[in-house]
K.L.:
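Below you'll find the structure I mean.
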Amino acid sequence: MTMTPDDYSDLNNPDIPIPDELKSNIAITTLDRIYNWSRARSVWPLLFGLACCAIEMIATAASRYDPARFGMEVMRPSPRQCDLMIVSGTVTKKMVPQIVRLYNQMAEPRYVLAMGACASGGGPFKEGYNVVDGIDKFIPVDVYVPGCPPTPQALLHGFITLHKKIEGQSIMSVPWYKKGQSEAIPVPVLGPDLIDPRQGELIQAASEGEYSAQFETDENA
Amino acid sequence: MKEISPEATSDVKSVDAVELLSRKFPGSIKPDDRKGYEGIVVDSSKLPEVATAIRDELGFDLLANLSYVDYPEEGVFEVVYNAYNTAVGGKGLTFRVRTSRDEAEIPSLIGVWPGVDFQEREAWDLMGIRFSGHPDLRRILLWEGFAGHPMRKDWREPFYEEDNKPYGTRWPEGQVQRAEMKTPYGMNVQYPGGFKLEGWEPEGEEALYAGLGTPLGIGPDIHQIKTDQLIVNLGPQHPSTHGVFRMAVTVDGETITRLKPVFGYLHRNHEQIGERNTWLQNMPFTDRLDYFSSLANNLAYAISVEKMMGQEIPERADLLRVLMVELTRIQNHYSAIGFLLNDLGAFFTPVLYALTERELILDLFEATTGSRMMCNYMRFGGLAYDLPSYIGGPAIKEGDRERELDTMKFIKGLVYERLPRATDMLDRYLTNNEVLVNRLKGVGVLPGDRAIAYSATGPVLRASGVPYDLRRADPYSIYNEFDFDVAVRYNGDSYDRYLIRLDEVRQSLRILEQVVPRLEETEGQEYMGGKRSYNHRVPAGDHYGHAENPKGELGFHLVSDGGGNPYRYHVRSPSFINLTALEEMCVGHKVADIIVILGSIDIVLGEVDR
């Protein structure tokens with residue numbers, strides 16, 4: 001993709017006249033446009049791989065597909081320095097507390113891209129007893145990329161979709177400039193099965209007999 | 001290349017083994033006479049003694065696999081061991097132990113083969129079999145406090161529909177319902193009856209940390225200085241653990257005194273899903289075990305099932321299988337070398353060189369199988385497709401047409417020119433690099449006898465001076481028709497584990513040079529034996545099939561009850577078992593060396609946790 005000055009033409013507000021001799025040096029734009037334009041072109045992903053999709057993510061990050069074209073080649077292993085979490089692979093119950101914790105540690109604005117069938121909805125392993133059927137049960141997802149695994153082209157398309165989403169946001173309404181702190185997502189706990197603290201009441205009600213699971217207690221355990 | 005020691009017993013048939021062992025242990029040994037089963041049944045009280053005799057007197061020194069089967073009708077659990085002889089190769093010896101389901105307990109073999117450590121923990125975790133004498137019998141893939149043992153036949157997962165596929169909801173009418181609608185929580189969870197959240201405390205990780213305080217008694221003695229010991233956790237979110245792997249490490253200053261790997265962050269329940277699936281439905285799941293080498297996994301599973309079915313394979317299918325598997329091995333070893341250099345701090349440049357070549361191989365996979373990584377290419381009796389006539393290449397210039405590259409020309413270009421050149425290039429840039437040599441030489445030494453004891457296989461075993469390669473030791477497919485050497489290195493350190501990967505790439509290229517002319521001769525011939533079918537019936541029986549994967553011996557222990565679904569589907573994963581030796585390799589080294597040693601073992605988490 002070669003960028004020409006025409007690509008940036010939407011940054012200029014045409015209503016305000018600019019003298020001819022300054023046209024190559026001055027652009028008049030809105031705060032939203034320049035803010036989103038610069039944010040969208042420097043999204044740093046979290047260097048964080050879960051499963052097979054991570055290998056395609058690495059292949060995407062390599063020279064052939066070159067995410068530097070989108071300003072995304074800087075992958076940081078620390079969540080504090082990242083804007084985008086690519087959930088690249090099967091989310092297991094044992095791993096999901098760590099993922100939620102990582103998400104909570106990311107500074108806003110933060111985005112989540114669910115890469116592949118597993119992260120989006122459980123994928124081929126959905127029936128498994130240790131598999132979370134989609135990361136969106138726990139953290140908000142911005143872009144879903146289908147595929148098992150998605151090809152690098154599909155992932156790049158996911159990046160472009162994310163850019164469009166970022167460009168549609170307005171500085172007036174984004175949550176991270178509102179008063180107060182954003183609420184952290186409660187970290188799930190590993191019990192007899194994965195426990196989402198937000199479902200506490202439901203679990204309590206089920207234990208009081210309102211729902212009887214088809215589960216038989218194992219005496220040998 | 002392979003040296004045969006004079007003391008080693010010749011290829012011991014299991015009949016001879018029964019005779020020899022019954023003379024020594026009267027009344028404790030009997031042959032397994034069920035139809036389709038082989039090997040011997042050992043009385044559990046005599047297991048360690050019999051195992052010692054099998055190792056020392058019969059010469060089966062490598063315990064390749066420990067598997068466990070549930071027979072609820074008979075009320076027994078069966079633990080199946082497969083032992084092999086690394087000195088002479090050949091068929092292995094299968095021995096099994098039975099224990100009642102109510103009080104499942106058998107003696108641990110950790111004193112005979114330390115390599116059973118994690119496998120016994122897995123059997124405890126998933127099946128609930130206790131191994132008396134195991135020093136650290138904790139859950140391994142799941143977490144402490146998980147309710148139940150999910151590989152038992154009467155255990156049901158939250159999204160349970162039926163015991164076996166195809167499910168009535170999906171076939172033949174196909175009225176699929178979302179599984180989330182059927183549980184009150186809207187997710188894949190269930191709680192045992194009477195579970196109360198109020199007053200409940202999670203079990204935490206005391207059990208993990210409890211084992212980390214006591215020194216192992218190997219490595220330099222640093223306790224004279226009386227310093228404080230510190231427990232450090234590496235992972236699961238760590239750029240150098242090759243995925244979601246975690247290690248809890250005790251350090252004294254910078255020196256490692258204990259190390260415990262923590263698994264299960266990618267435990268995707270392959271085995272449990274595999275037992276619901278039909279035989280063929282497991283093929284795409286094997287792709288996702290070692291996702292770097294999906295075609296090699298396909299082959300291991302295909303030959304295991306074909307052996308049970310007695311299926312013949314046409315020549316062209318065998319040739320294409322070898323072509324694909326050896327290319328897989330090459331790209332896996334390239335990536336392994338690239339990522340090892342990442343771990344050394346040469347961040348991403350060597351990987352870029354490695355991945356450039358890998359992409360070319362993936363182009364061939366994509367054109368042939370339709371997918372870059374998850375190829376799902378092999379079938380019982382042959383392959384899903386033949387080679388395509390051309391490979392589409394990208395347009396280079398604006399207005400250019402998509403290129404069509406002749407497939408055979410592309411393969412020849414890879415095998416005869418591109419890949420040998422790339423291998424030499426990696427060799428030239430890396431092998432004598434001062435940083436690489438200093439960081440790898442003498443680091444993480446694993447002597448040959450310890451490697452065998454730890455059941456290490458693949459490059460890890462061969463870098464320790466044991467020339468044991470299943471392509472020669474227990475030949476499968478058509479590997480006995482090709483001329484190649486078993487690569488072996490003798491120092492057992494990380495540097496040799498790096499070098500052996502280059503050696504193996506060269507041997508793979510040597511095999512490929514013999515495959516290509518035969519591919520041209522067989523062009524247009526049949527590539528599928530038997531009839532194509534979605535639903536295969538496999539004769540009742542029990543079989544352990546294995547193949548030499550890029551990372552080591554990938555084995556499948558399959559039990560069939562004669563139906564359309566595997567009764568037992570156990571994966572013997574090389575990465576998982578190679579990690580048993582990690583603690584011994586790391587103790588006495590510095591923290592930074594863990595990363596290097598782990599990189600030199602070359603693990604992939606899809607296979608470690610399954």
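Just so you know, these numbers use all the heavy atoms, side chains as well, and skip hydrogens, waters and symmetry mates. Convention: sequence-line order gives letters A, B, ...; per-chain numbering from 1.
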K.L.:
Only pairs of heavy atoms separated by less than 4.5 Å count here; which of A/I195, A/N130, A/L194, A/T92 has the most with chain B?
P.N.:
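Maximum pair count with chain B is reached by A/N130.
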K.L.:
Can you tell which part of B/L266 gets under 4.5 Å to a heavy atom of chain A, answering side chain, backbone, both or neither?
P.N.:
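For B/L266, the contact with chain A is made by backbone and side chain together.
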K.L.:
Is it the side chain or the backbone of B/L142 that comes within 4.5 Å of chain A heavy atoms, both, or neither?
P.N.:
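Interface part for B/L142: both.
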K.L.:
So which part of B/Y291 gets closer than 4.5 Å to some heavy atom of chain A, the side chain, the backbone, both or neither?
P.N.:
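B/Y291 touches chain A through side-chain heavy atoms alone.
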K.L.:
I'd like to know if A/D196 and A/R198 make a salt bridge, using a cut-off of under 4.0 Å between side-chain N and carboxylate O.
P.N.:
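Salt bridge present between A/D196 and A/R198.
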K.L.:
Taking B/R101 first and then B/D70, would you say they form a salt bridge - that is, a charged N and a carboxylate O separated by under 4.0 Å?
P.N.:
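B/D70 and B/R101: salt-bridged.
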K.L.:
So, are B/E162 and B/R156 salt-bridged, with charged N and O less than 4.0 Å apart?
P.N.:
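Looking at B/R156 together with B/E162, the answer is no, because their closest N to O distance does not fall below 4.0 Å.
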K.L.:
Only one of A/L50, A/V87, A/L155, A/I135 passes side-chain contact (heavy atoms from CB on, under 4.5 Å) with A/M115; say which it is.
P.N.:
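Exactly one option meets the side-chain contact (heavy atoms from CB on, under 4.5 Å) with A/M115, and it is A/L155.
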K.L.:
Looking at chain A, which one of B/E359, B/R276, B/M374, B/E201 has the largest number of heavy-atom pairs inside 4.5 Å, strictly under?
P.N.:
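If we count pairs closer than 4.5 Å to chain A, B/E359 comes out on top.
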K.L.:
If you tally heavy-atom pairs under 4.5 Å against chain A, which of B/E180, B/R246, B/H270 wins?
P.N.:
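Heavy-atom pair counts peak at B/E180.
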K.L.:
Below 4.0 angstrom, N of the basic side chain to O of the carboxylate: do A/D133 and A/K93 qualify?
P.N.:
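Answer for the salt bridge query: no.
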K.L.:
Which region of B/F339, side chain (C-beta onward) or backbone (N, CA, C, O), has a non-hydrogen atom less than 4.5 Å from a non-hydrogen atom of chain A, or is it both or neither?
P.N.:
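The side chain, not the backbone.
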K.L.:
Which atoms of A/I99 are under 4.5 Å from chain B, going by heavy atoms: the side chain, the backbone, both sets, or neither?
P.N.:
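For A/I99, neither part sits under 4.5 Å from chain B.
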K.L.:
Would you please classify the geometry between the A/Y111 ring and the A/W176 ring as parallel, tilted or perpendicular, with 30° and 60° separating the classes?
P.N.:
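A/W176 vs A/Y111 ring planes: perpendicular.
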K.L.:
Counting only heavy atoms closer than 4.5 Å, note whether A/Q199 contacts chain B via side chain, backbone, both or neither.
P.N.:
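Contact with chain B involves the side chain of A/Q199 alone.
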K.L.:
Less than 4.5 Å to any heavy atom of chain A: does that hold for the side chain of B/M373, its backbone, both, or neither?
P.N.:
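Interface part for B/M373: side chain.
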K.L.:
Using non-hydrogen atoms and a 4.5 Å limit, figure out which bit of B/L197 sits close to chain A: side chain, backbone, both or neither.
P.N.:
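B/L197 touches chain A through backbone and side-chain heavy atoms alike.
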K.L.:
Below 4.5 Å from any heavy atom of chain A, which atoms of B/R268 appear? Answer side chain, backbone, both or neither.
P.N.:
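For B/R268, backbone and side chain are both near chain A.
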K.L.:
What part of A/V189 gets within 4.5 angstrom of chain B, counting heavy atoms only: side chain, backbone, both, or neither?
P.N.:
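Contact with chain B is through the side chain of A/V189 alone.
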K.L.:
Can B/E275 and B/K165 be counted as an ion pair, charged N to O under 4.0 angstrom?
P.N.:
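Salt bridge: no.
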K.L.:
Got a salt bridge between B/D363 and A/R64, using NZ or NE/NH1/NH2 to carboxylate O under 4.0 Å?
P.N.:
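Judged by the 4.0 Å cut-off on N to carboxylate O distance, B/D363 and A/R64 do form a salt bridge.
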K.L.:
May I ask you to say whether B/R138 pairs ionically with B/E144, meaning some side-chain N is under 4.0 Å from a carboxylate O?
P.N.:
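Salt bridge between B/R138 and B/E144, a charged N being under 4.0 Å from a carboxylate O: no.
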K.L.:
Counting heavy-atom pairs under 4.5 Å to chain B, which of A/G191, A/G122, A/S78, A/G121 comes out on top?
P.N.:
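With the most close heavy-atom pairs to chain B, the winner is A/G191.
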K.L.:
What I want to find out is whether A/D83 reaches A/R110 closely enough, with some N-O distance under 4.0 Å, to be called a salt bridge.
P.N.:
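A/R110 and A/D83: not salt-bridged.
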K.L.:
Pick whichever of A/S63, A/S88, A/P149 has the most heavy-atom pairs under 4.5 Å with chain B.
P.N.:
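Among the listed options, the one with the most contacts to chain B is A/P149.
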K.L.:
Measuring heavy-atom distances to chain B, does A/A54 have an atom under 4.5 Å in its side chain, in its backbone, in both, or in neither?
P.N.:
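Contact with chain B is absent: no heavy atom of A/A54 under 4.5 Å.
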K.L.:
Just so I understand: if I count every heavy-atom pair under 4.5 Å between each of B/P202, B/G264, B/G606 and chain A, which residue has the most?
P.N.:
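Heavy-atom pair counts peak at B/G264.
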K.L.:
So, B/E157 and A/K126, do they make that salt bridge, N to O below 4.0 Å?
P.N.:
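Salt bridge between B/E157 and A/K126, a charged N being under 4.0 Å from a carboxylate O: no.
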K.L.:
Counting heavy-atom pairs under 4.5 Å with chain B, which one of A/L202, A/V131, A/L190 comes out on top?
P.N.:
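Most pairs with chain B among the choices: A/L190.
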